[in-house]
Amino acid sequence: MSSNPVAETVASLMPRAKEELTELVAFQSVADFDQFPRSESEGAARWVADALAAEGFRDVALLDTPDGTQSVYGFLPGPEGAKTVLLYAHYDVQPPLDEAAWTTPPFELTERDGRWYGRGAADCKGGLIMHLLALRALKANGGVPVHVKVIAEGSEEMGTGGLERYAEEHPELLAADTIVIGDAGNFRVGLPTVTSTLRGMTMVRVQVDTLAGNLHSGQFGGAAPDALAALIRVLDSLRAEDGSTTVEGLSGDAGWEGLQYEEEQFRRDAKVLDGVELIGSGTVADRIWARPAVTVIGIDCPPVVGATPSVQASARALINLRVPPGVDAGAATKLLQAHLEAHTPWGARVSTEQIGEGQPFRADTTSPAYQAMAAAMAVAYPGQEMQYAGQGGSIPLCNTLAALYPRAEILLIGLSEPEAQIHAVNESVSPEELERLSVAEALFLRTYAAS
């Protein structure tokens, strides 16, 4: 990184950043209070609130949102007449999954092979640290030239919509000229990237019932309708032979123009086993950024250990459908539910229930804010030009903010590059990326203020 005062300040702050991320990662802030203590999320929220207050933020508040979680808000005033920038991140995290599969404990930030490991290190507690580093660097080099609002969400990973509903009820709270969502990531380490599209998502629970109760498979099997077998057929109908998603009525042939994702690189990033084929058709970018993708993320049925020779009376599954830009998530949900009902065999009873939704998003990349970010990233990443990529995940708040503040410019950056393995075991963050993106954000705020 070329020498400049902002970069030098951020570099000097990195040991403090590691200490703070260590403290923040230690909170088991999974917003599923059936599995994790509410006190862990509340502790993380207080940590964020205290950090904002220590930086001179005013009106710092723990916002009780309608889904029973807390978001943290703060306002840092800038010069009179300055623009307002909203900085977003979330402090809640995904469950650690199989803790035994982690090389080091998931809620202890651990340095290994030049990366910092821990649940939320990249997604998205590291994003909060990135915002703090950028602001501290500006304060040490002439001051923050814009009004800054920070909002840290407490339930983004659950998709329960608490902050979206709160923002709709208090539309003045998050109003800004530009919004920086710190919950995306570079296409790869060292390649500065803004995310210009997000797929939306819907979560649907499907249940199949065939019998009043389980039956002996020897006495009744062969004629008694098996609910688990019926469910398997329903789920299989969601994919074509090549693995493409086939929800009836939902187009699956859109293409992606722009930064491409080479298949061999994708295989390495996704850690696809030797000899196993990728699924779908078209380019990898088409498949993961521009087209729908269905995933069965859970099935309720007897485990192998302890199973008895029975015909199953009931079975259910949880289905996640990623919705491409340009498609309404609500409409996609109805198509998915209709497909499930139409493909249930043998007259079995089927019921579906939507339990979560997020709309897809497409940014205006011609705006002044994007020009300012491109200039900032060129300094933070010497010799690299800012790239535009899509992201397969959804950030439901993006569309809420776009609807509430249609004139606001929305940019998505962050620390979740492929090596970070967010949502998987051994999640990690690159401290070099944290440093460079903090410099980029600081320089963006300065450049944007002057635009």
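When a residue number appears, it is its place in the shown sequence, counting from 1. Computed from a predicted structure; not experimentally measured.
- By the side chain to side chain donor-acceptor pair (under 3.5 Å) test, Asp177 pairs with no residue at all, sequence neighbours left out.
- Identified under the salt bridge (charged side-chain N to carboxylate O under 4.0 Å, His left out) test for residues 406-428, with sequence neighbours left out: Arg115-Glu417, Arg115-Glu419, Arg119-Glu427.
- The CG atom of Leu62 sits 5.0 Å away from the CD atom of Gln70 when rounded to the nearest 0.5 Å.
- When side chains are defined from C-beta on, Leu412 does not count as touching Val194, because their heavy atoms never get closer than 4.5 Å.
- Residue pairs satisfying the salt bridge (charged side-chain N to carboxylate O under 4.0 Å, His left out) criterion with at least one member in residues 157-170, sequence neighbours excluded, are listed as follows: Arg165-Glu168.
- Under the 3.5 Å distance criterion, the side-chain polar atoms of Arg239 are left unmatched by any main-chain donor or acceptor of Ile279.
- Identified under the ring-ring contact (aromatic ring centres under 6.0 Å, His included) test for residues 420-444, with sequence neighbours left out: Phe444-Tyr448.
- Residues Arg436 and Glu432 are not paired through a salt bridge, judged by the lack of any N-O separation under 4.0 Å between the basic side chain and the carboxylate.
- Contacts of Tyr261 classified as ring-ring contact (aromatic ring centres under 6.0 Å, His included), with partners at least two apart in sequence or in another chain: Phe187, Phe266.
- Not one N or O on the side chain of Thr160 forms a donor-acceptor pair closer than 3.5 Å with the backbone of Met158.
- Within the structure, no pair that satisfies the salt bridge (charged side-chain N to carboxylate O under 4.0 Å, His left out) test touches residues 320-335, not counting sequence neighbours.
- By the side-chain contact (heavy atoms from CB on, under 4.5 Å) test, Ala378 is found to be paired with no residue, residues two or more places apart in sequence or in another chain being considered.
- The side-chain heavy atoms of Glu111 and Lys18, taken from C-beta on, include a pair separated by under 4.5 Å.
- Atoms CG and CG, on Leu132 and Leu13 in that order, are 10.5 Å from each other to the nearest 0.5 Å.
- Side-chain contact of Asn141 with Thr9: a donor-acceptor pair under 3.5 Å is present, judged by distance alone.
- With hydrogens and angles left out, the side-chain atoms of Thr333 and Thr202 include a donor and acceptor closer than 3.5 Å.
- No hydrogens or angles considered: a donor-acceptor pair under 3.5 Å links the side chains of Thr104 and Arg112.
- Remark: Glu153 engages Tyr88 in a side chain to side chain donor-acceptor pair (under 3.5 Å) (not counting sequence neighbours).
- Although no hydrogens or angles enter the test, the distance criterion places no donor-acceptor pair under 3.5 Å between the side chain of Tyr381 and the main chain of Ala376.
- With sequence neighbours excluded, the residues forming a ring-ring contact (aromatic ring centres under 6.0 Å, His included) with Tyr166 are His170, listed by chain and number.
- Listed by chain and residue number, Phe36, Glu40, Phe107 satisfy the side-chain contact (heavy atoms from CB on, under 4.5 Å) test with Gln28 (two or more places apart in sequence, or in another chain).
- With contacts defined as side-chain heavy-atom distances shorter than 4.5 Å, the pair Val150/Phe57 qualifies.
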Evaluate the side-chain hydrogen bond (donor to acceptor under 3.5 Å, both in side chains) criterion for residues Ser367 and Asp364: first the C-alpha distance (whole Å), next the side-chain angles of each, then the deciding distance (0.1 Å), finally the verdict. CA-CA 6 Å; Ser367 67; Asp364 175 11; 5.2 Å; no

Run Glu263 and Arg287 through salt bridge (Lys or Arg N to Asp or Glu O under 4.0 Å) and show every step you take. CA-CA 11 Å; Glu263 287 203 13; Arg287 286 175 259 180; 3.1 Å; yes

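- Side-chain contact of Ser155 with Asp67: a donor-acceptor pair under 3.5 Å is present, judged by distance alone.
- Counting only distance, with no hydrogens or angles, the side chain of Lys125 and the backbone of Phe27 share a donor-acceptor pair below 3.5 Å.
- With sequence neighbours left out, Glu262 forms a side-chain contact (heavy atoms from CB on, under 4.5 Å) with Gln265.
- The ring-ring contact (aromatic ring centres under 6.0 Å, His included) search around Trp256 returns Trp289, not counting sequence neighbours.
- When atom types are taken as modelled, the side chain of Asn320 and the backbone of Val296 share no donor-acceptor pair closer than 3.5 angstrom.
- Within the 3.5 Å criterion, the main-chain N or O of Ala175 finds a donor-acceptor partner in the side chain of Lys149.
- In this structure, Arg58 is not positioned above the aromatic face of Phe75 in the sense of NZ or CZ being under 6.0 Å from the six-membered ring centre and within 45° of the axis.
- You'll find the side chain of Leu434 reaches within 4.5 Å of the side chain of Met130, heavy atoms only.
- A heavy-atom distance below 4.5 Å is not found between the side chains of Lys83 and Thr178.
- Looking at heavy atoms from C-beta onward, Met203 lies out of side-chain contact with Glu357 at the 4.5 angstrom threshold.
- Side-chain N or O atoms of Thr245 include one that pairs as donor or acceptor with a backbone N or O of Val294 at under 3.5 Å.
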